Amino acid sequence: MTRNGLIKAGRGDLLSAITTYVGALQRARRLARIPTPKPLESTHVPFLKISLRAVSFDRHVRFSMSRIHPAWSVALQRIRISA
């Protein structure tokens, strides 16, 4: 029983009654002996996949700086890292 779950189920009236008479959804769950919902497992895929080979920070900075034109902003650069 979650706020979003009640809204999706069309039970805004129940949510309103809980806040009016009980105060908070957590307290209503506790009084009704309903367990707290477990967080959903994340389906997030990281944008940057880090390769398994170790690259030293100094080597990466030297490579990055060698690709940057002196008159350009660093923000405008796209640096390709070979796998």
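Since we're looking at a predicted model, the values are computed, not measured. Numbering of residues begins at 1 and proceeds along the displayed sequence.
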Nearest heavy atoms of Ala24 and Ile18, plus distance in Å = O-CG2, 3.9 Å
Can you pull the side chain to side chain donor-acceptor pair (under 3.5 Å) pairs that have at least one residue in residues 4-23, sequence neighbours excluded?
-> Arg11-Asp13
Would you say Arg29's side chain and Ile34's backbone share a donor-acceptor pair under 3.5 angstrom?
-> no
What distance do Leu15 atom CG and Arg3 atom CZ have between them, rounded to the nearest 0.5 Å?
-> 6.5 Å
Closest approach of Leu25 and Thr2, non-hydrogen atoms and distance?
-> CD2-C, 3.7 Å
